[in-house]
Undergrad: 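I am attaching a structure below and will ask some questions about it afterwards.
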Amino acid sequence: MSPSVSRAEKPLPVVGLIRGDGVGPEIAQATVRAVEAAGAHLRWEPLLAGAEAAEKRGDPLPVETLARLRQLPAALKGPLTTPVGGGWRSVNVTLRQELELYANVRPARSFAGVPAPVGGVDMVIVRENTEDLYAGIEHYVDLRRSAAEAVMIVTRAGSERVLRYAFAYARRHSRKRVTLLHKANILKKTSGLFLEVGREVAARHPEIEFRDMIIDAACMNMVMRPGQFDVVVTTNLFGDIVSDLAAGLVGGLGLAPGANIGERGALFEAVHGTAPDIAGRGIANPTALMLAASMMLAHLRQGAAARRLDGAVRAVLAEGRTVTPDLGGSATTEEYADAVIRRMAKGRRRGA
Ligand code: ATP
């Protein structure tokens, strides 16, 4: 049976599309066009969230959006505004909690043509997304606020599921090594438990090399010898910091995609914010959202379309002729998307 016949018989997976606030709608439009040109097999379902939802429904995360996200296998999300000092609670954080998106996945791979402090980076940070100091249990010890304390929670179950995901990710993407980052020499119970569970999960994956490294040494090594890191797995706070460090190693947050993965759903997004200073001008860089869409296609087992999109984005950046102003060019969002699409068409004509 030819691949096209078997493909045609499969129902189209439906994926949610939250366009987002600020530059969100601009980069989402460019990304949707690029995903379609990559030959993806899916149907988009627009979902309302963020400032537009707050205005139309009085709720930045309407119940029907949340209900749909619980049913769909994946969704692509543009950046969403979180009002500072009042307004509504972060929709991003609410989504992670409500959908139990326990693994945050942030790849960092060097881009040819993009200035960066080091080369040869190709790592994926898998961060536990629900526990640790971010469980939100903190208080002042007295009314005078003379001190404050927070509780760091690490559970066996929470550690096990993210560690299992990290190893499964490594196997599925043919990656050879998992490095667990911790501080078990000082935080003997919390970080120690994560390391203990990591060793147990690693023992079930003899085909993947396992290493552990103390977080501070890991930060230095990531800058000085980044090539030794492949899949990296760690707890919430360390992962938050180290994933931005990794993004900095390959050219900054503007190019960084991310995914939040749960048992039932998965949300793919650009790491950057809504960029209100350039919103509406048609000059935002859609690279991060396009790379997030490529991650989503890989997650949906559409590896060929995922590689095509990722490859075309990288080729256009490497060429450097059609890039947006944040990368020193003068292309608009749509012109950049056109260049990515042309690149994919060229690849297809060559049989790629
Ligand atoms: P938010 O409150 O949503 O986090 P912010 O302005 O604090 O917004 P970012 O949106 O991440 O944070 O923007 C930081 C800087 O990076 C801004 O100058 C913005 O214009 C720039 N920037 C962010 N995303 C992009 C993008 N996709 N293309 C071009 N520039 C961007």
Side-chain angles (χ1 to χ4, degrees), residues 17-35 48-55 60-61 76-96 104 106-109 111 113-117 134 240-241 243-260 267-296 309-310 312-314 316-317 320-340:
L17 176 66
I18 296 173
R19 289 177 203 279
D21 301 320
V23 294
E26 300 160 51
I27 60 175
Q29 181 179 319
T31 301
V32 164
R33 289 208 293 126
V35 167
L48 201 58
E52 193 188 350
E55 199 183 304
L61 184 58
L76 185 70
K77 181 181 80 58
L80 294 171
T81 300
T82 303
V84 178
W88 58 84
R89 180 170 172 242
S90 162
V91 175
N92 297 315
V93 172
T94 310
L95 280 170
R96 283 176 199 183
N104 182 262
R106 294 263 300 265
R109 178 147 75 95
F111 295 93
V114 174
Y134 291 14
D240 189 8
I241 297 166
S243 52
D244 275 19
L245 188 154
L249 291 179
V250 302
L253 286 185
L255 303 173
N260 293 288
L267 210 53
F268 296 81
E269 63 192 0
V271 169
H272 62 74
T274 57
D277 50 340
I278 56 164
R281 290 169 54 196
I283 55 164
N285 185 351
T287 297
L289 197 62
M290 286 184 182
L291 295 178
S294 167
M295 290 176 78
M296 183 181 79
L309 179 53
D310 183 271
V313 166
R314 287 175 181 277
V316 171
L317 291 175
R321 269 205 313 239
T322 317
V323 294
T324 45
D326 55 306
L327 294 179
S330 58
T332 64
T333 310
E334 289 298 316
E335 284 164 354
Y336 176 81
D338 289 340
V340 170

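In what follows, every heavy atom counts, from backbone to side chain, and hydrogens, waters and symmetry copies are set aside. Whatever order the structure lists ligands and atoms in, that order sets their numbers, starting from 1.
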Undergrad: Could you tell me whether atom 20 (O) of ligand 1 has a protein heavy atom closer than 4.0 Å?
TA: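 There is a protein heavy atom less than 4.0 Å from atom 20 (O) of ligand 1.
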
Undergrad: Can you find a pair of side-chain heavy atoms, one from Phe268 and one from Pro257, that are under 4.5 Å apart?
TA: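 Side chain of Phe268 against side chain of Pro257, heavy atoms only: no contact under 4.5 Å found.
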
Undergrad: Looking only at atom types and distance, does a side-chain atom of Ser90 sit under 3.5 Å from a main-chain N or O of Asn92, one as donor and one as acceptor?
TA: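 Yes, Ser90 side chain to Asn92 backbone: donor-acceptor pair under 3.5 Å.
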
Undergrad: Is the closest heavy-atom distance from Ile278 to ligand 1 below 4.0 Å?
TA: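 Per 4.0 Å heavy-atom rule, Ile278 contacts ligand 1.
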
Undergrad: Which one holds for Asp326 and ligand 1: side chain close, backbone close, both close, or neither close, with close meaning a heavy atom under 4.0 Å?
TA: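 Within the 4.0 Å criterion, Asp326 contacts ligand 1 through side-chain atoms alone.
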
Undergrad: Which pairs would a plain distance check flag for residues 21-35, meaning a side-chain donor or acceptor within less than 3.5 Å of a matching protein atom at least two apart in sequence or in another chain?
TA:
{"from": "Asp21", "atom 1": "OD1", "to": "Ala51", "atom 2": "N", "distance (Å)": "3.0"}
{"from": "Asp21", "atom 1": "OD2", "to": "Ala51", "atom 2": "N", "distance (Å)": "3.2"}
{"from": "Asp21", "atom 1": "OD2", "to": "Thr81", "atom 2": "N", "distance (Å)": "2.8"}
{"from": "Asp21", "atom 1": "OD2", "to": "Thr81", "atom 2": "OG1", "distance (Å)": "3.3"}
{"from": "Glu26", "atom 1": "OE1", "to": "Gly282", "atom 2": "N", "distance (Å)": "3.0"}
{"from": "Glu26", "atom 1": "OE2", "to": "Gly280", "atom 2": "N", "distance (Å)": "2.5"}
{"from": "Thr31", "atom 1": "OG1", "to": "Ile27", "atom 2": "O", "distance (Å)": "2.7"}
{"from": "Arg33", "atom 1": "NE", "to": "Glu334", "atom 2": "OE1", "distance (Å)": "3.0"}
{"from": "Arg33", "atom 1": "NH1", "to": "Asp338", "atom 2": "OD1", "distance (Å)": "3.0"}
{"from": "Arg33", "atom 1": "NH2", "to": "Glu334", "atom 2": "O", "distance (Å)": "3.4"}
{"from": "Arg33", "atom 1": "NH2", "to": "Glu334", "atom 2": "OE1", "distance (Å)": "2.5"}
{"from": "Arg33", "atom 1": "NH2", "to": "Asp338", "atom 2": "OD1", "distance (Å)": "2.9"}

Undergrad: How does Asp277 reach ligand 1, if at all, at less than 4.0 Å between non-hydrogen atoms: by side chain, backbone, both, or neither?
TA: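 Asp277 to ligand 1: side-chain contact only, backbone stays beyond 4.0 Å.
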
Undergrad: Nearest protein heavy atom to atom 14 (C) of ligand 1: under 4.0 Å?
TA: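 Under 4.0 Å from atom 14 (C) of ligand 1, zero protein heavy atoms found.
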
Undergrad: Verify the contact flag for atom 23 (C) of ligand 1, where contact means a protein heavy atom under 4.0 Å away.
TA: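 So far as the 4.0 Å threshold goes, atom 23 (C) of ligand 1 is in reach of a protein heavy atom.
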
Undergrad: Side chains of Arg321 and Val316: does their closest heavy-atom pair fall under 4.5 Å?
TA: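 Of all side-chain heavy-atom pairs linking Val316 with Arg321, none is under 4.5 Å.
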
Undergrad: Report the residue from Leu95, Val91, Asn260, Leu17 that forms a side-chain contact (heavy atoms from CB on, under 4.5 Å) with Lys77.
TA: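 Per the side-chain contact (heavy atoms from CB on, under 4.5 Å) rule, the option paired with Lys77 is Leu95, out of Leu95, Val91, Asn260, Leu17.
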
Undergrad: Should Gly254 be listed as contacting ligand 1, given a heavy-atom distance under 4.0 Å as the test?
TA: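 Contact check Gly254 vs ligand 1: negative.
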
Undergrad: With a 4.0 Å cut-off on heavy atoms, is Pro276 touching ligand 1?
TA: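 It does; at least one heavy atom falls under 4.0 Å.
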
Undergrad: Between atom CG of Leu309 and atom CE of Met290, what is the distance when rounded to the nearest 0.5 Å?
TA: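 Atom-to-atom, Leu309:CG and Met290:CE are 7.0 Å apart.
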
Undergrad: What do you think, any protein heavy atom under 4.0 angstrom from atom 27 (N) of ligand 1?
TA: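 Yes, there is one.
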
